[in-house]
Student: 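Let me give you the structure first, and then I'll get to my questions.
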Amino acid sequence: MTDLWNDLLGCLDLVPLDEGTYEGRSQRLEYRRLFGGQLLAQFAGAAQLAAPGKGLKSLHTQFLREGRTGEPVRYETEVAQQGRTFATVRLVARQEHGVVAAANASLHTWEEGPDRQTTDPVPALPGPELTVELDLLPWESRAATDLDTAKTEPPEYELWTRIPEAPAALAPALLAYATDLTPIGTALRPVEGVTQADAGRAFASAVTSHTVWFHRPFVTGGWLLLRQHSPLAARGRCFGRGDALTPDGTLLASYAQEALLRFAG
């Protein structure tokens, strides 16, 4: 766990190249392609470097082609708008074979004001006996239900996850990273006899777009509930959305993902 965690932190240490351009190394994972969560996290970091002094408000990412593992990623940024309280940054992620992803980030200086939310109550944290191992998450996670189930189950999943303490500036990047892992699995839960382990045989999948909205500033180190639902799988695609909440029910962020989900035969 420690090695995977330090490896992820190392990926988020972006190196400035030319003005507005940064480079991040890729994770050292035994994975068939570059994990989209890495791109989300590095996009979040690059946006904050391009518009310092503001908090990340939203990150809208399109994945354009498969990224290569073991190869660094160069991030080119353009500050499209920079005001006193808001900023907009356009970003491109590039490897040697071309552009792998593009993003638009919106940033905002956190302000005081009315605070209201409407969310369902948060359940109790599952006990340690319900720990789940998710290879790409280098920290503790728990869930009361199985993500990968051969039975027909509702397209819903609640994952408790505890990102270790890290510098506050990395919190949005680390949360964005975590939101990319389980939406496709959630969309598969109603499909009898098929789980994510059948990827490449029973179906092909790839994330095409992913958006995260950050509602409040937060720090890592405590438990978060990733509550997600996939309302649709149709026409070779699936769609899911989710919320990130604290144990007391505070809504920190929301996210949505569209992905290719093409079944064989």
Side-chain angles (χ1 to χ4, degrees), residues 1-2 4-5 8 29 31 35-37 40-41 117-166 171-172 174-199 202-203 205 207 210-216 218-233 238-259 261:
M1 175 176 171
T2 302
L4 290 173
W5 170 243
L8 177 56
L29 299 173
Y31 192 60
F35 176 47
L40 293 173
Q117 68 174 57
T118 304
T119 56
D120 292 335
V122 171
L125 172 69
E129 71 279 4
L130 294 176
T131 296
V132 295
E133 298 295 334
L134 297 171
D135 291 342
L136 296 175
L137 289 188
W139 49 71
E140 185 180 4
S141 297
R142 301 178 188 176
T145 58
D146 292 331
L147 177 64
D148 294 326
T149 172
K151 299 183 295 182
T152 298
E153 300 283 1
E156 301 169 351
Y157 187 61
E158 292 192 342
L159 178 71
W160 286 92
T161 195
R162 183 164 60 182
I163 303 170
E165 290 186 8
L174 291 166
L175 180 54
Y177 178 92
T179 64
D180 188 50
L181 188 59
T182 52
I184 293 176
T186 303
L188 286 171
R189 293 188 84 241
V191 184
E192 186 174 1
V194 175
T195 72
Q196 290 185 105
D198 299 306
F203 67 91
S205 65
V207 178
H210 191 101
T211 296
V212 188
W213 295 268
F214 299 94
H215 307 308
R216 294 180 168 96
F218 64 97
V219 296
T220 60
W223 284 100
L224 294 177
L225 173 63
L226 301 185
R227 171 185 283 160
Q228 55 198 35
H229 170 62
S230 175
L232 179 73
C238 62
F239 173 76
R241 55 191 174 220
D243 292 325
L245 303 111
T246 64
D248 68 1
T250 301
L251 180 61
L252 299 181
S254 301
Y255 54 99
Q257 182 183 98
E258 184 187 61
L261 184 59

Student: Working to the nearest 0.5 Å, report the span between OG1 of Thr246 and CG of Leu224.
Tutor: 7.5 Å
Student: Which pairs, with at least one residue in residues 186-196 and sequence neighbours excluded, count as a side-chain hydrogen bond (donor to acceptor under 3.5 Å, both in side chains)?
Tutor: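 Qualifying pairs, neighbours excluded: Asp148-Gln196, Thr186-Gln228.
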Student: Could you walk me through whether Arg241 and Ser254 pass side chain to side chain contact (heavy atoms under 4.5 Å, CB included), step by step?
Tutor: CA-CA 8 Å; Arg241 55 191 174 220; Ser254 301; over 6 Å; no
Student: If you take all heavy atoms of Pro190 and Pro154, which pair is closest and at what distance?
Tutor: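 Looking at all heavy atoms of both residues, the shortest contact is CG-C, 4.4 Å.
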Student: Within the structure provided, determine whether Arg227 and Asp120 are in side-chain contact (heavy-atom separation under 4.5 Å).
Tutor: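 SC-SC contact between Arg227 and Asp120 confirmed.
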Student: With heavy-atom distances below 4.5 Å as the criterion, would you say the side chains of Trp160 and Val122 are in contact?
Tutor: yes
Student: Once you round to the nearest 0.5 Å, how far does CG of Asp243 lie from CD of Glu158?
Tutor: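 Spacing of CG (Asp243) from CD (Glu158) equals 10.5 Å.
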Student: Are Leu181 and Leu134 close enough, and set up right, to give a side chain to side chain contact (heavy atoms under 4.5 Å, CB included), and what steps lead you there?
Tutor: CA-CA 9 Å; Leu181 188 59; Leu134 297 171; 3.8 Å; yes
Student: Checking the side chain of Gln257 only, and the main-chain atoms of Gly242 only, is there a donor and an acceptor separated by less than 3.5 Å?
Tutor: no
Student: Any donor and acceptor pair, going by atom type alone, linking the side chain of Tyr177 with main-chain N or O of Leu136 inside 3.5 Å?
Tutor: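 Answer holds: yes.
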Student: Yes or no on side chain to side chain contact (heavy atoms under 4.5 Å, CB included) for Leu159 and Leu137, after CA distance, side-chain angles and deciding distance?
Tutor: CA-CA 12 Å; Leu159 178 71; Leu137 289 188; 4.1 Å; yes
Student: Which of parallel (below 30°), tilted (30 to 60°) and perpendicular (above 60°) describes His210 and Tyr255?
Tutor: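 Taking Tyr255 first and then His210, their aromatic rings lie parallel (interplane angle under 30°).
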Student: Please tell me if the side chains of Val207 and Asp180 come closer than 4.5 Å, counting only heavy atoms from C-beta onward.
Tutor: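 Val207 vs Asp180: side chains touch.
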Student: If you draw a 6.0 Å radius around CD in Glu165, do more than 12 non-hydrogen atoms from other residues or ligands fall strictly inside?
Tutor: no
Student: Run the side chain to side chain contact (heavy atoms under 4.5 Å, CB included) check on Trp139 and Leu8 step by step: do they pass?
Tutor: CA-CA 11 Å; Trp139 49 71; Leu8 177 56; 3.9 Å; yes
Student: To the nearest 0.5 Å, what is the distance between CG (Asp135) and CZ (Phe35)?
Tutor: 11.0 Å
